[in-house]
2 protein chains.
Amino acid sequence: MVAALGALAHEHRLALFRLLVQTGEDGMPAGAIAQALDLPNSSLSFHLAHLTRAGLIAQRRQGRSLIYSADYPAMNALVGYLLENCCGGAGCAPDTDAAPVRRPLAERKTA
Amino acid sequence: MVAALGALAHEHRLALFRLLVQTGEDGMPAGAIAQALDLPNSSLSFHLAHLTRAGLIAQRRQGRSLIYSADYPAMNALVGYLLENCCGGAGCAPDTDAAPVRRPLAERKTA
DNA sequence: GTGTCATTTCCATAATTGTCGAAATAATAG
DNA sequence: CTATTATTTCGACAATTATGGAAATGACAC
């Protein structure tokens with residue numbers, strides 16, 4: 001969990017992750033990311049590896065390109081953890097608006 | 001936002017923040033925290049300052065003690081940001097179980 | 001095989017972060 | 001004012017993280 005937070009706790013990596021989230025399941029080749037973010041290849045590769053180690057993004061090969069994509073379940077787990085452990089139990093978001101009482105994830109295990 | 005993530009991206013600080021979240025609005029004096037977490041005062045002070053700079057905790061004085069407490073709205077904002085920007089728009093948590101379709105925070109602005 | 005494209009790994013270097021004892025500050029009591 | 005308690009700041013050092021050019025790897029086309 002600390003690893004995931006640490007992975008997102010960097011300007012370039014947060015931008016990178018957001019980009020992949022927007023891009024969707026299809027993902028994006030490293031080169032295109034480097035161009036979009038205006039980063040030297042070696043620096044980008046470093047950050048991609050960091051996010052991969054943290055389990056937030058996935059890598060697959062397509063021809064000579066390596067395609068990276070956001071791991072939504074991992075992000076889901078992170079948000080779930082924060083909601084459960086760092087939000088005063090009863091619910092961090094005080095005005096969940098229409099959504100009726102956001103049940104803490106803990107309750108769902110037994111349910 | 002990066003600052004908030006970075007503040008939580010450390011074993012001791014995450015534990016510290018969770019402790020303060022559990023403790024509630026009343027908060028806890030620095031000494032008690034140091035004892036609970038078994039950290040030297042100077043180290044703890046460093047981490048408290050880090051979390052404070054990130055806006056995740058608040059400080060108030062009570063006699064000679066400095067009481068720290070979690071800033072729930074700040075945490076709320078952080079989770080909101082992650083939900084909005086890092087969770088594929090339509091909703092990161094795919095199976096919100098009982099909770100009927102967790103609306104993206106974006107929609108609530110206009111509502 | 002050779003050439004080329006996409007990307008990573010290696011390397012050196014710069015910058016930041018974490019640690020904790022000791023000294024400094026702040027508040028209160030006597 | 002002195003003593004005591006609570007906590008921070010200072011300082012020095014170790015450890016980790018970030019950067020980017022150059023060389024290495026992997027995949028494909030010819």
Side-chain angles (χ1 to χ4, degrees), chain A residues 1-20 23 25-71 74 78 86, chain B residues 1-20 23 25-71 78:
Chain A
M1 207 52 66
V2 170
L5 288 167
L8 292 178
H10 184 281
E11 193 183 356
H12 292 339
R13 283 192 299 267
L14 186 54
L16 164 45
F17 186 73
R18 290 183 54 180
L19 179 63
L20 288 183
T23 303
E25 301 283 357
D26 288 355
M28 212 168 168
I33 301 174
Q35 196 169 353
L37 267 51
D38 192 32
L39 284 176
N41 283 337
S42 59
S43 294
L44 174 67
S45 196
F46 170 79
H47 293 303
L48 284 169
H50 201 318
L51 283 164
T52 302
R53 241 179 306 149
L56 287 172
I57 63 178
Q59 184 195 55
R60 70 177 191 277
R61 185 175 277 279
Q62 193 174 91
R64 27 192 138 175
S65 294
L66 284 172
I67 311 275
Y68 287 92
S69 55
D71 185 322
L78 177 58
C86 298
Chain B
M1 207 51 66
V2 170
L5 288 167
L8 292 177
H10 185 280
E11 193 183 358
H12 292 338
R13 283 194 298 268
L14 186 55
L16 165 44
F17 186 74
R18 290 183 55 180
L19 178 63
L20 288 182
T23 303
E25 301 283 358
D26 289 355
M28 213 169 169
I33 301 174
Q35 198 170 352
L37 267 51
D38 192 32
L39 284 178
N41 283 338
S42 58
S43 294
L44 174 66
S45 196
F46 170 79
H47 293 303
L48 284 169
H50 202 318
L51 283 165
T52 303
R53 241 179 305 149
L56 287 172
I57 64 178
Q59 185 196 54
R60 70 178 192 277
R61 186 175 278 278
Q62 194 174 89
R64 23 191 141 179
S65 293
L66 285 172
I67 311 277
Y68 287 92
S69 55
D71 185 323
L78 177 58

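Below, read A as the first sequence line, B as the second, and so on, with proteins coming before strands; counting in each chain starts at 1.
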How close or far is atom [atom2] of [N] from atom [atom1] of [X], stated in whole angstroms?
X       : N      : atom1 : atom2 : answer
A:Gln59 : C:dT8  : CD    : C1'   : 10 Å
B:Met28 : D:dA6  : CE    : P     : 14 Å
B:Leu37 : D:dT7  : CG    : P     : 14 Å
B:Arg60 : D:dA6  : CZ    : P     : 17 Å
A:Leu66 : C:dC5  : CG    : P     : 17 Å
A:Leu39 : D:dA18 : CG    : C1'   : 11 Å
A:Leu44 : D:dA18 : CG    : P     : 13 Å
A:Asn41 : D:dA18 : CG    : C1'   : 16 Å

Report task. Assign a letter to each nucleotide of nucleotides 23-30 of chain C from its 5' end: B, base within under 4.0 Å of a protein heavy atom; S, sugar-phosphate only; -, no contact. Result -> ----BBS-
Taking all non-hydrogen atoms of both residues into account, name the closest pair between [X] and [Y] and its distance.
X       : Y       : answer
A:Pro29 : A:Ser65 : CB-CB, 4.0 Å
A:Asn41 : A:Ala34 : OD1-CB, 3.6 Å
A:Tyr68 : A:Ala30 : CE1-CB, 4.1 Å
B:Thr52 : B:Leu48 : OG1-O, 2.7 Å

Query - From CA spacing to verdict: side chain to side chain contact (heavy atoms under 4.5 Å, CB included), A:Met28, A:Ser69 - result: CA-CA 6 Å; A:Met28 212 168 168; A:Ser69 55; over 6 Å; no
Query raised in the report: Angle class for the A:His47/A:His10 ring planes (parallel below 30°, perpendicular above 60°, tilted otherwise)?
Result: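 Rings of A:His47 and A:His10: tilted, as their planes differ by 30° to 60°.
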Between the protein and nucleotides 14-19 of chain C, which nitrogen or oxygen pairs are less than 3.5 angstrom apart?
from	atom 1	to	atom 2	distance (Å)
C:dG18	OP1	B:Arg13	NH1	3.4
C:dG18	OP1	B:Arg13	NH2	3.0
C:dG18	OP2	B:Arg13	NH1	3.2
C:dT19	OP2	B:His47	NE2	2.5

Query raised in the report: Which one of B:Leu20, B:Leu8, B:Asp71, B:Leu16 satisfies the side chain to side chain contact (heavy atoms under 4.5 Å, CB included) criterion with B:Leu56?
Result: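 Filter result, single survivor: B:Leu8.
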Requested in this report: Identify whether any heavy atom of B:Ser65 sits under 4.0 Å from a base atom; if not, whether one sits that close to sugar-phosphate; answer base, sugar-phosphate or nothing.
Outcome: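 Contact class for B:Ser65: sugar-phosphate only.
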Query raised in the report: Got a second to check how far B:Ile67's CD1 is from B:Ile57's CD1, nearest 0.5 Å?
Result: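 The CD1 atom of B:Ile57 is 12.0 Å from CD1 of B:Ile67, to the nearest 0.5 Å.
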Query raised in the report: Are the side chain of B:Arg13 and the backbone of B:Ala7 linked by a donor-acceptor contact shorter than 3.5 Å?
Result: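 Yes; at least one donor-acceptor contact below 3.5 Å.
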Query raised in the report: Hey, does the side chain of A:Tyr68 come within less than 4.0 Å of C:dT8's phosphate (OP1/OP2), counting only N and O?
Result: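 For A:Tyr68, the contact criterion (side-chain N or O under 4.0 Å from OP1 or OP2 of C:dT8) is met.
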